Amino acid sequence: MKILGLETSCDETGLAIYDDTLNDGKGGVLAQVLYSQIELHATYGGVVPELASRDHIRKLVPLFHELLNKANINKSDIDAVAYTKGPGLIGALMTGALFGRTLAFGLGVPAIGVHHMEGHLLAPVMTGDGVEFPFVCLLVSGGHTMLVRADGVGQYTVLGESIDDAAGECFDKAAKMLNLPYPGGPNVAKLAETGNRHAYELPRPMLHKGLDFSFSGMKTAVHNLIKDTPNADSDPVVRADIAASFEYAVVDTLVKKCVKALKQTGLKRLVIAGGVSANRSLRQSLEHELNKIHAVVHYAPPELCTDNGAMIAYAGYCRLKAGQADGLSVACVPRWDMQSLKIA
Ligand code: KG4
Ligand code: ZN
């Protein structure tokens with residue numbers, strides 16, 4: 001079975017074919033293409049929703065042909081279409097949903113709308129590496145920071161989430177304050193590599209308050225640190241130290257909450273997913289801390305942590321296999337509770 005996955009919830013146009021016959025029937029990604037709108041939005045320092053929608057429309061058809069070429073298949077070989085139905089920017093979501101729904105109708109195959117965060121959550125499951133349910137998942141992206149207990153596909157219990165900014169958003173804002181280009185996460189991480197993470201003390205928000213997160217205070221703390229530190233805008237050593245101290249504060253907060261969630265649930269398996277799960281320091285700290293409590297952490301390769309079409313194809317595949325498919329109407333949902341995803 002070959003499933004086309006379409007991701008257009010924000011600023012990446014991602015298309016992929018997931019094929020369950022690959023790798024001796026274990027399944028795998030036959031081909032994928034990804035177009036990032038980073039350059040388009042960089043001038044504005046963040047995503048401009050209307051520009052994002054227009055660019056998805058421009059790119060979807062040529063990328064689809066490129067994908068078919070790469071996979072060496074015809075469109076008639078596609079058995080089903082999965083597209084991101086939410087959460088995300090409504091205009092951007094609509095482009096992929098309408099393209100996908102229409103294509104599926106033309107081909108006479110099923111179509112299914114997928115929850116973007118379920119796509120992220122299932123990406124490390126798709127890439128193998130022995131990830132089995134149940135597990136605790138830390139979902140850390142540009143728009144979400146959540147701890148979820150996953151007992152199976154669609155069986156999600158939210159254990160905690162950010163009451164304000166997401167971790168990725170916090171990285172992006174800190175990057176802006178450090179005059180680093182958009183998107184901030186990878187650039188802050190790069191600058192932090194040569195810095196001393198103990199150089200400056202930054203807060204660990206809500207550490208002792210359950211499993212929720214808050215990152216908006218961190219923004220103010222970084223702003224004040226930059227304002228009060230001489231040469232914060234010019235001295236490369238000072239800048240690297242600020243980036244490293246900031247990254248450590250976010251990572252340390254995430255790690256401590258993950259350990260707490262594992263202890264609370266009694267589970268020994270943690271999965272991290274979403275753009276921030278590509279962060280090397282987060283991965284290393286989790287490996288170190290989880291080792292102490294005899295737990296393990298799983299993550300996808302970096303290119304499958306950030307937005308991509310393969311994770312949507314795979315989430316769609318899991319749902320179709322469970323007997324789900326959507327009707328002909330297209331209804332995208334900018335906000336969508338993960339706990340409502342139960343498969344009947
Ligand atoms: O999952 P994603 O690609 O898109 C959303 O669903 O939001 O996540 C994007 C977020 C951005 O905030 C980006 O700065 C952050 O993930 N990110 C990182 C890294 N790579 C991407 N943050 C920290 N370190 C990284 N290496
Ligand atoms: Zn995402």
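Just so we're clear, the structure is a prediction, and the values are computed from it rather than from any experiment. Sequential numbering from 1 along the given sequence is applied to the chain's residues. What's counted below: heavy atoms across the whole structure, side chains too, no hydrogens, waters or symmetry copies. Each ligand, and each atom within it, is numbered from 1 in the order the structure gives.
Between Leu270 and the choices Val259, Val255, Val136, Val296, the side-chain contact (heavy atoms from CB on, under 4.5 Å) rule is met once, by Val136.
When Val140, Thr84, Asn279 are ranked by how near their heavy atoms come to atom 24 (N) of ligand 1, first place goes to Asn279. Selection from Ser277, Ser36, Gly185 by nearest heavy atom to atom 22 (N) of ligand 1 gives Gly185.
Residue-to-ligand polar distances place Asp307 within reach of ligand 1: an N/O pair is separated by less than 3.5 Å. Checking only distances, Gly274 never comes within under 3.5 Å of ligand 1, N or O to N or O.
The hydrophobic cluster containing Tyr44 also includes Leu40, Val48, Leu51, under a criterion of side-chain heavy atoms closer than 4.5 Å among ILVMFWY residues, counted directly or through chains of members.
Atoms of ligand 1 lying under 4.0 Å from at least one heavy atom of Gly168, given by number and element, are 12 (O). Near Gly142, meaning under 4.0 Å from any of its heavy atoms, are these atoms of ligand 1: 5 (C), 7 (O), 8 (O), 9 (C), 10 (C), 12 (O). Shown in contact with Gly275 at under 4.0 Å from a heavy atom are these atoms of ligand 1, numbered in order with element: 1 (O), 2 (P), 8 (O), 16 (O), 17 (N), 18 (C), 19 (C), 20 (N), 21 (C). For ligand 1, the atoms sitting less than 4.0 Å from at least one non-hydrogen atom of Gly143 are 7 (O), numbered in the order shown with element in parentheses. Atoms of ligand 1 found under 4.0 Å from any heavy atom of His116, numbered from 1 in the order shown, are 6 (O).
With 2.8 Å as the limit, His116 counts as an N, O or S neighbour of the Zn ion (ligand 2). Counting backbone and side-chain atoms alike, His120 contributes an N/O/S atom closer than 2.8 Å to the Zn ion (ligand 2).
Within a 6.0 Å radius of NZ in Lys268, other residues, nucleotides and ligands contribute more than 12 heavy atoms.
For the residue pair Tyr83/Glu7, the side-chain donor-acceptor check at 3.5 Å is not satisfied. Looking only at atom types and distance, the side chain of Glu303 has no donor-acceptor partner in the side chain of Asn308 under 3.5 Å away.
Note on Glu193 versus Arg280: salt bridge recorded, some NZ/NE/NH1/NH2 to OD/OE distance being below 4.0 Å.
Between Phe215 and Phe213, the ring planes lie parallel to each other; the angle is under 30°, not in the 30° to 60° tilted range.
In this structure, His120 is part of the shell of residues with a heavy atom less than 4.0 angstrom from ligand 1.
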For this session: Take Asp172 and Tyr182, measure what side-chain hydrogen bond (donor to acceptor under 3.5 Å, both in side chains) needs, and give me the verdict at the end.
Result: CA-CA 7 Å; Asp172 295 336; Tyr182 166 85; over 6 Å; no
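If you look at Asp307 and ask which of its N, O or S atoms sits nearest the Zn ion (ligand 2), the answer is OD1.
Taking the centre and axis of the six-membered ring of Tyr314, the NZ or CZ atom of Arg319 falls outside the cone set by 45° and 6.0 Å.
Annotation: atom 12 (O) of ligand 1 to nearest protein heavy atom, Asp172 OD2, 2.7 Å.
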